[in-house]
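Here is the structure we will look at, set down as structure tokens.
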Amino acid sequence: MTEHAPERAQERTQDRYNAREAEPKWQKTWAERGIFRTRNDDPRPKFFVMEMFPYPSGRIHIGHGRNYVMGDVLARYKRMQGFNVLHPMGWDAFGLPAENAAIERGIHPKSWTYENIASMREQLQLLGLSLDWNREIATCDPSYYVEQQRIFLDFLDNGLAYRKESEVNWDPVDNTVLANEQVIDGRGWRSGAIVERRKLSQWFLRITQFAQELLDAIDTLDRWPDKVRLMQRNWIGRSEGLEVLFEFAKGSLAAGKLPADTKAVKVYTTRPDTLFGASFLALSPDHPLAKHLAGTDGQLSAFIAECKRGGTSAEEIETQEKKGYATGLSVVHPLDATRTVPVYVANFVLMDYGTGAIFGCPAHDQRDFDFATKYGLAITPVVLPEGADPATFSVAEGPYDGDGTLFNSAFLDGMSVPEAKEAVARQLERFRVAGEPQGTRRVNFRLRDWGISRQRYWGCPIPVIHCDDCGPVGVPRDQLPVELPDDVTFDRPGNPLDRAKAWRDVPCPKCGKPARRETDTMDTFVDSSWYFLRYASDNVEKPLDKAAVSHWLPVDQYIGGIEHAILHLLYSRFFTRALKHCGRVDLEEPFAGLFTQGMIVHETYKDTEGKWLFPEEVKLLGNGKAVRISDGTPVTVSPPEKMSKSKRNVVAPEVVADTYGVDCARWFMLSDTPPERDSEWTQGGIEGAWRFVQRVWRLVNEAVELGAKPGAPRPATFGEQALGLRRAAHGLVATVAEDIERLRFNVAVAHVHEFANAFGSAIAAARSAPEVPEDLAFALREAAEMLTGVVAPMTPHLAEECWGVLGHGSLVAEASWPATEADLLRRDTVTLPIQINGKKRDDIVVPREATPAEVEAAVLALESVQRALDGRAPKRIIVVPQRIVNVVA
RNA sequence: GCGGGCGUGGCGGAACUGGUAGACGCAGCGGACUCAAAAUCCGCCGUCCUCACGGAUAUGUCGGUUCGAGUCCGACCGCCCGCACCA
């Protein structure tokens, strides 16, 4: 250190970066100049980045900010790279909480929602996000949902929307339909009444029509996380199998219990190869035949009722014992007319998958095994694992569901499982039962059609009028939107729309007779299934603009939580295809790139009475101990959890902005933890970010002070010191660009830190020189410019302030990403680690382009290598150019 | 039960496609500056042996492939996520 350095350093420390002043100033400037407003006619290449829009629940905490900040970094970076960036924001504004607020606090859902939007918008703006607020949308706004109603009518016209009976959770005390999450332990969350299953006629969207397409196209989504793709594949759940008709045995037909036209029952199986192992047939309790039989069989009727009572929760289903009821009927084995198989009604057979009936092969299926064991049915193995002895092979311990060779199976004996499947299919396709092929190949999907009816007020009205004569009639398009009536009450349970007579009772659009509006509203997942298409249009008159959609879509980078991996993303994919089917867009996949970010978690604190405490009420003492600030009583510290209001482990963005500045919060959220993982918010972390923000400010100021003036000529040659700094700076620009492109923000941050260390040393060296040489002066200014440019997407306010210090009159938000020189990114020499028998023993510096032979010669000359070889010739030398050398002694 | 993922210092984590394990940060320790503190700057920081030079060992455990394994393969242990009787 030099003598004059300290005073200068001190002088500098007086000059702190003042985020509190700078941040509002730049936010105002950006807004005034409208620099984030996106135009559709901009000729530059487009880039569409968006984060999943929030539900306007009230206030946000800092944990909500992470994905917006990540998207913002990408948006700002891409702008600097010369793209016309679309980065919009909106509100997923319909939904149950607004109605609950109305019930609990008497606030109208509309005012509750719009007030929340206003305060959350303010909070988001505080984060300095580069959003085009001109394209802001709220799904509860008629200007938004009018188009959704048009889409619904298009779906109706194209057979993609239809009505069918479907079960809902019915609260018999509140007389209302409950969402699944409102059913707790089989009881209504508010009334505590035991929930019933009740059938209602509801609207469905035919997503299953696209099941195969949606499955196939997953392969093309190469910028989606594998995990999400896998979850979607499993959800769609394709299986290939065979539908098989089992004819009733003569005695069963004669018994008079069956309907007159019923000669056979159809089952679905993916294991036709195991047909010879069949020992029973089971019908779902909801199967029409089971219901028919129950008409004359009181015990069966009681059994079916018992099955219905069972809960629907995962645990209940898992622990539920397999139960069946023997109907006394039997069917003939399709491949062996001499055998018959008893028919049961069984609680584990689902009506809405396959045909609602199965054949049971206990030796090769766990469920069938459990069932057969309980009812003493035969368990005949028909697939022999490789290497097993047919004489001794036993499934007494449990079923075998692996590959093998068929045995005990007549003409299938000796075949492999796939061969046997094929042979059975071919055989049964030839056989006829009542004029039909006995076997039909069939692909099944687990995916079900999407029920969108919700018996709720605060949702998009379904634009349909029910007429006694004409049935459901779509509201004519020129009468859209069907707006929600404001004049409703929430003092009674049930859907207020049912009671809004003035709104509800309208003439039929077809025949003019008195009719009534559909009072169900749409699932809020519908709202979010096309909002990304709405953003493309900057025109309110054309909310879904085919040309604009073709221009902007697909979304280049979509960022959101993993909790939407299946439903929201699958529904959006379906919507896009369905809209294409209706001729509304030319697009199949809406999201080219998907990123699922982790949550922000925080420790939780409890006082001595077990009450949750806010972080600001707690003083941490280190060593895991803490006390309450107000009275010094001990506080229990528990491991980090997702930030939530109820546990009070939240940090308000305003407080962070006020104490440290928003850029610190942004920097911290990007640091250390990989973005897809959960990240812990800590005091130490935010303070570290604060120190670094100050450090960047100091480095830039010092470099400006010591460096060349703006526009100074580029020296013809650079000395070692200047060259070293230039290499570091140019390298930084290149590596951070790559890090941001790959959304590896934590690595980008590390690289900036690394550069700051090198930059600091260069500045110290310049300071200690009697006079700063011209080449170093140039390099210092260049490095300061580059550092400012590189941090601009991450800490945009700080960067604007630095940009000013550097003497620019423009905005860094509108500047270009710093240009690098290829020469500086390439090294002329490389340092190769030298291994002897795989252990690193030495280093060697060689020209970058050195041939393996040259490297080998140089390595053999090394003293360390000579010593290790001890006069012997090496067995082998592996030279990996520009990487490593391994000498095998 | 089925499917998938992950185990690296006190902590968060880095390590491109099999090529120097522990970048960078946090915490900690030591030092400089200061009357003092804060801020800042410098140094140390996996474990063991050694005054040191240096060496041994080390990415959950065990084994394998390879000149070379955190990375690939197999088995096991632990944790996390998704699905829920889908025939």
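Here the structure is a predicted model, which is why all the values come from computation and not from measurement. Letters go in sequence order (proteins before strands), and every chain restarts at 1.
- At a threshold of 4.0 angstrom between heavy atoms, the contacts of A:Asn757 are confined to the sugar-phosphate backbone, with no base atom among them.
- Proximity note for A:Thr270 (side chain, C-beta onward) versus B:rU20, B:rA87, B:rC83: the nearest is B:rA87.
- A close approach under 4.0 Å does occur between a side-chain nitrogen or oxygen of A:Arg876 and OP1 or OP2 of B:rC67.
- Taking side-chain N and O atoms only, A:Arg841 has a distance below 4.0 Å to OP1 or OP2 of B:rA56.
- Taking the six-membered ring where tryptophan is involved, the planes of A:Tyr268 and A:Tyr353 are perpendicular, since the angle between them exceeds 60° and thus also 30°.
- Taking a 4.0 Å limit (strictly below) on heavy-atom distances, residues 561-568 of chain A does not reach RNA chain B anywhere.
- With both ends at atom C1', the span from B:rC45 to B:rG28 equals 8 Å, rounded to whole Å.
- Looking at A:Leu569 and A:Trp224, their side chains come closer than 4.5 Å, going by heavy atoms from C-beta outward.
- Across all strands shown, A:Val880 has heavy atoms under 4.0 Å from base atoms, whether or not it also approaches the sugar-phosphate.
- When each of B:rA21, B:rA87, B:rA23 is scored by its nearest atom to the side-chain atoms of A:Ala750, the top-ranked nucleotide is B:rA23.
- Side-chain contact, A:Arg695 with A:Asn757: a donor N or O sits under 3.5 Å from an acceptor N or O.
- With 3.5 Å as the limit, one finds a donor-acceptor pair spanning the side chains of A:Gln366 and A:Asp370.
- With both pairing distances under 3.5 Å, B:rC2 is matched to B:rG82 as a Watson-Crick or G-U wobble pair.
- A donor and an acceptor atom sit less than 3.5 Å apart, one in the side chain of A:Lys322 and one in the base of B:rC85.
- At a threshold of 4.0 angstrom between heavy atoms, the contacts of A:Val349 include nucleobase atoms, whether or not backbone atoms are also involved.
- Its glycosidic angle being within 90° of 0, B:rG9 falls on the syn side.
- Here A:Glu754 lies in heavy-atom contact (under 4.0 Å) with sugar-phosphate atoms only.
- Computed from coordinates, the A:Gln597 CD to B:rC81 P distance equals 17 Å when rounded to whole Å.
- Between the P atoms of B:rG18 and B:rU71, the separation comes to 11 Å (whole Å).
- Regarding A:His602, its NE2 atom lies at a distance of 20 Å from the P atom of B:rC11, rounded to whole Å.
- Ring geometry for A:Phe246 versus A:His333: interplanar angle over 60°, hence perpendicular rather than tilted (30 to 60°).
- Between A:His364 atom NE2 and B:rG1 atom P there is a gap of 21 Å when expressed in whole angstrom units.
- One C1' atom belongs to B:rG22, the other to B:rA58, and the distance between them is 11 Å to the nearest Å.
- Proximity note for A:Asn234 (side chain, C-beta onward) versus B:rA21, B:rA14, B:rG3: the nearest is B:rG3.
- If you measure from atom CG of A:Asp365 to atom C1' of B:rG1, you get 12 Å, rounded to the nearest angstrom.
- Rounded to whole angstrom, the span from the CD atom of A:Glu856 across to the C1' atom of B:rC67 amounts to 13 Å.
- Rounded to the nearest Å, the gap between the C1' atom of B:rU59 and that of B:rA14 is 12 Å.
- Straight-line distance between the P atoms of B:rU17 and B:rC73: roughly 15 Å, to the nearest whole Å.
- Among the nucleotides B:rG68, B:rA14, B:rG4, the one closest to the side chain of A:Leu230 is B:rG4.
- At least one side-chain nitrogen or oxygen of A:Ser239 sits closer than 4.0 Å to the OP1 or OP2 atom of B:rA87.
- When the nucleotides B:rA14, B:rC41, B:rG19 are ranked by their closest atom to the side chain of A:Arg698, B:rC41 comes out on top.
- Within the nucleic acid shown, A:Asn746 comes within 4.0 Å of sugar-phosphate atoms alone, with no base atom in reach, counting heavy atoms only.
- One finds no side-chain N or O of A:Arg446 lying less than 4.0 angstrom from the OP1 or OP2 phosphate oxygen of B:rA87.
- A:Gln212 and A:Arg238 share a side-chain donor-acceptor pair at under 3.5 Å.
- Using cut-offs of 30° and 60° on the angle between ring planes, the pair A:His564 and A:Phe525 is perpendicular.
- Considering only side-chain atoms of A:Leu350, the nucleotide from B:rG82, B:rC85, B:rA14 that sits closest is B:rC85.
- A:Val651 pairs with exactly one of A:Ile600, A:Ile686, A:Ile62 by the side-chain contact (heavy atoms from CB on, under 4.5 Å) rule, that one being A:Ile62.
- The partner of B:rU34, taking Watson-Crick or G-U wobble pairs whose two distances both stay under 3.5 Å, does not exist in any strand shown.
- Here, B:rA75 and B:rG25 have their C1' atoms 37 Å apart, quoted to the whole Å.
- At a threshold of 4.0 angstrom between heavy atoms, the contacts of A:Asn886 include nucleobase atoms, whether or not backbone atoms are also involved.
- Here A:Arg691 reaches the OP1 or OP2 of B:rA27: one of its side-chain N or O atoms lies under 4.0 Å away.
- Not less than 6.0 angstrom separates the ring centroid of A:His364 from the ring centroid of A:Phe369.
- Both A:Glu687 and A:Pro674 lie close to RNA chain B; mapped to their nearest nucleotides by heavy-atom distance, the more 5′-ward contact belongs to A:Pro674.
- Spacing of C1' atoms, B:rA15 relative to B:rA69, comes out at 13 Å, to the nearest Å.
- Using a 4.0 Å heavy-atom criterion, one finds that A:Ser671 contacts no nucleic acid atom at all.
- Looking at A:Phe280 and A:Asp368, their side chains come closer than 4.5 Å, going by heavy atoms from C-beta outward.
- Among B:rC67, B:rU57, B:rA87, the nucleotide with an atom closest to any side-chain atom of A:Ile358 is B:rA87.
- Nearer the 5' end of RNA chain B, as judged by each residue's closest nucleotide, is the contact made by A:His753, out of A:Gly760 and A:His753.
- The residue A:Lys840 sits close to a base: some heavy atom pair falls under 4.0 Å.
- Across all strands shown, B:rC26 forms a Watson-Crick or G-U wobble pair with B:rG10, both key distances being under 3.5 Å.
- Remark: the A:Arg573 side chain and the A:Gln232 side chain contain an N/O donor-acceptor pair separated by less than 3.5 Å.
- Rounding to the nearest 0.5 angstrom, the gap separating the CZ atom in A:Arg666 from the CZ atom in A:Arg66 is 14.0 Å.
- In this structure, A:Lys875 reaches neither bases nor backbone, as no heavy-atom distance under 4.0 Å exists between it and the strands shown.
- Rounded to the nearest Å, the gap between the P atom of B:rU40 and that of B:rU47 is 27 Å.
- Nucleic acid contact for A:Arg238: none, since no nucleic acid atom lies under 4.0 Å from a heavy atom of the residue.
- A:Ile218 places its CD1 atom 15 Å from the P atom of B:rG4, with the value rounded to the nearest Å.
- B:rU17 is unpaired under the criterion used here, namely a Watson-Crick or G-U wobble arrangement in which both key atom distances are under 3.5 Å.
- OP1 or OP2 of B:rA15 lies within a sub-4.0 Å distance of a side-chain N or O belonging to A:Arg744.
- Looking at the side chain of A:Thr673, the nearest of the listed nucleotides B:rA87, B:rG12, B:rC85 is B:rG12.
- Looking at the side chain of A:Phe348, the nearest of the listed nucleotides B:rC85, B:rG82, B:rG19 is B:rC85.
- Note on A:Lys839: a side-chain N or O is less than 4.0 Å away from OP1 or OP2 of B:rU57.
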